[in-house]
Number of protein chains: 2
Amino acid sequence: MVGRVSGAARDVIVGAAKALLWERGVAATSPAALLAAADVGQGSLYHHFRGKQEWARAAIESLAADLQAETAAALGDPAAPGLARLLAYLERPRAARAGCRLGRLAFDPQVVADPVLAAPIAAYFASTRAALAQAVRDAVAEGGLRADTDPDDLAAALVGVVQGGFVLARTADDDTVMTAATRAMAALVNAARPTEESP
Amino acid sequence: MVGRVSGAARDVIVGAAKALLWERGVAATSPAALLAAADVGQGSLYHHFRGKQEWARAAIESLAADLQAETAAALGDPAAPGLARLLAYLERPRAARAGCRLGRLAFDPQVVADPVLAAPIAAYFASTRAALAQAVRDAVAEGGLRADTDPDDLAAALVGVVQGGFVLARTADDDTVMTAATRAMAALVNAARPTEESP
DNA sequence: GTCTATAAGCCGATAGAC
DNA sequence: GTCTATCGGCTTATAGAC
């Protein structure tokens, strides 16, 4: 209450918006649908937010904060071996068909058209790629990955195979495609480890 | 003209629809926008198609046929070594930020809600995964990949890294993320090849 | 803070003339 | 085959009372 601009109704609205954006995306979520989901009146919505852009932004930024925290948690202790962190990222359980809460917005018309909505999404992926690139660098230094491994490239491939897994799981309507893809990726990473004979 | 239900205007409409679906997706493409893009009157549109679902379906099926042909061409001669076909798939040039013409529709609200629109997309990805799984099987038989490689898993990872590359390129507004991801994948595949000492 | 009433504009389609 | 006119419903607000 001190220095914060209220809370209750606003938080309920943002929470409902986050759920709806995950389910349907921005363009397909109407103010009316949000009111129903949040069980809040129109007056309340327009008191707390000037319009759709504002609540969509708040929801996306909150989703980005959630994902950032979850990804950091999945990677685990930064002092752990790089290879273990990277494999932990791949093997984290995911609701594949539901889609990545942020990645699924990549081609949402309203997100594409509005840099304010796109920015938090770009920031999340940049940050995740950076964290994975660091894990790769550590793995190389620790002898867990070949010295000629490009950290930025491999980080892009790791995040990519997960995001692609979401797309494939949705189109195939089958969660197991995600685990197939990440399992293959983990196998490749393990198979590509430096041999004991060739340091 | 023989046994075909006309053509000219219909083909122009489908062509315009394909371009619009690639740019904006199904939900964000209105009949009015299609009329403007195709430079055709409303009477013409509703003469050739009963409604939005019908022209969207025609456009998606045509996009799927295009992609199927392009993917087959990228994979090259089916008699070529499996490893070469698989690497050719990865290295095919792509308009990364524009998105995959079909993959970008995976989370389109109107596609998600309508199996008629989703089916051709599912079929394309199933077919591409099958073709890559066959390339992997051939590569294993030819000694280009380790015998313990799972063909279906690796196929999912290959298509996945490409689809994820589209998502990352769009969110980062940077085409090079795609090539970074596919380059890392190609490097992993090469690094994982069976050593000469261990048959 | 929250309510109800009202509105301009677009979406997707239909009707009926030509 | 293609045209124009018209339509109900939804979207995204705004206005002003309480």
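Chain identifiers are assigned alphabetically (A, B, ...) following the order of the sequence lines, protein sequences preceding nucleic acid strands; residue numbering begins at 1 within each chain.
Side-chain atoms of A:Asp138 and A:Gln134 form a donor-acceptor pair, as typed in the model, at a separation below 3.5 Å. Side-chain contact annotation: A:Glu91 with A:Thr182, donor-acceptor N/O pair under 3.5 Å absent.
Comparing D:dT11, C:dG1, C:dC11 against the side chain of A:His48 picks out C:dG1 as the nearest. Side chain of B:Ala9, nearest nucleotide from D:dT11, C:dG12, D:dT2: D:dT2.
What separates CG of B:Leu35 from C1' of C:dA13 is a distance of 12 Å, to the nearest Å. Rounded to an integer number of Å, the gap from A:Gln42 CD to D:dT11 P is 12 Å. Rounded to an integer number of Å, the gap from A:Leu20 CG to D:dT12 P is 13 Å. For the pair A:Trp55 CH2 and D:dT11 C1', the computed distance is 11 Å after rounding to whole Å. Here the C1' atom of nucleotide C:dG1 and the CZ atom of A:Arg10 are 14 Å apart, to the nearest Å. Taking atom OH of A:Tyr46 as the reference point, atom C1' of C:dT2 lies 15 Å away to the nearest angstrom. Rounding to whole angstrom units, CG of residue B:Leu45 and C1' of C:dA13 are separated by 10 Å. Distance CD1 (A:Ile13) to C1' (C:dG1): 11 Å, rounded to an integer number of Å.
A:Gln163 places no side-chain N or O within donor-acceptor distance of the main-chain N or O of A:Val159, the cut-off being under 3.5 Å. Between the side chain of B:Thr149 and the backbone N or O of B:Leu145 there is no donor-acceptor pair closer than 3.5 Å.
Annotation: the terminal axes of the helix from C:dG1-D:dC18 to C:dC18-D:dG1 meet at 0°, where each axis is the rotation carrying the C1' atoms of four end pairs onto the next four (5 pairs per end, rounded to 10°).
Counting only residues at least two apart or in different chains, salt bridge (charged side-chain N to carboxylate O under 4.0 Å, His left out) contacts with residues 59-72 of chain A comprise A:Lys18-A:Asp66, A:Arg57-A:Glu61, A:Glu70-A:Arg92, A:Glu70-A:Arg101.
Seen from the ring of A:Tyr89, A:Arg129 does not count as a face-on cation partner, given the 6.0 Å and 45° thresholds.
Of the two residues contacting DNA chain D, namely A:Gly43 and A:Val26, the nearest-nucleotide position lying further toward the 5' end is that of A:Val26.
Contact check, A:Ser44 against C:dG1: no side-chain N or O comes under 4.0 Å of OP1 or OP2.
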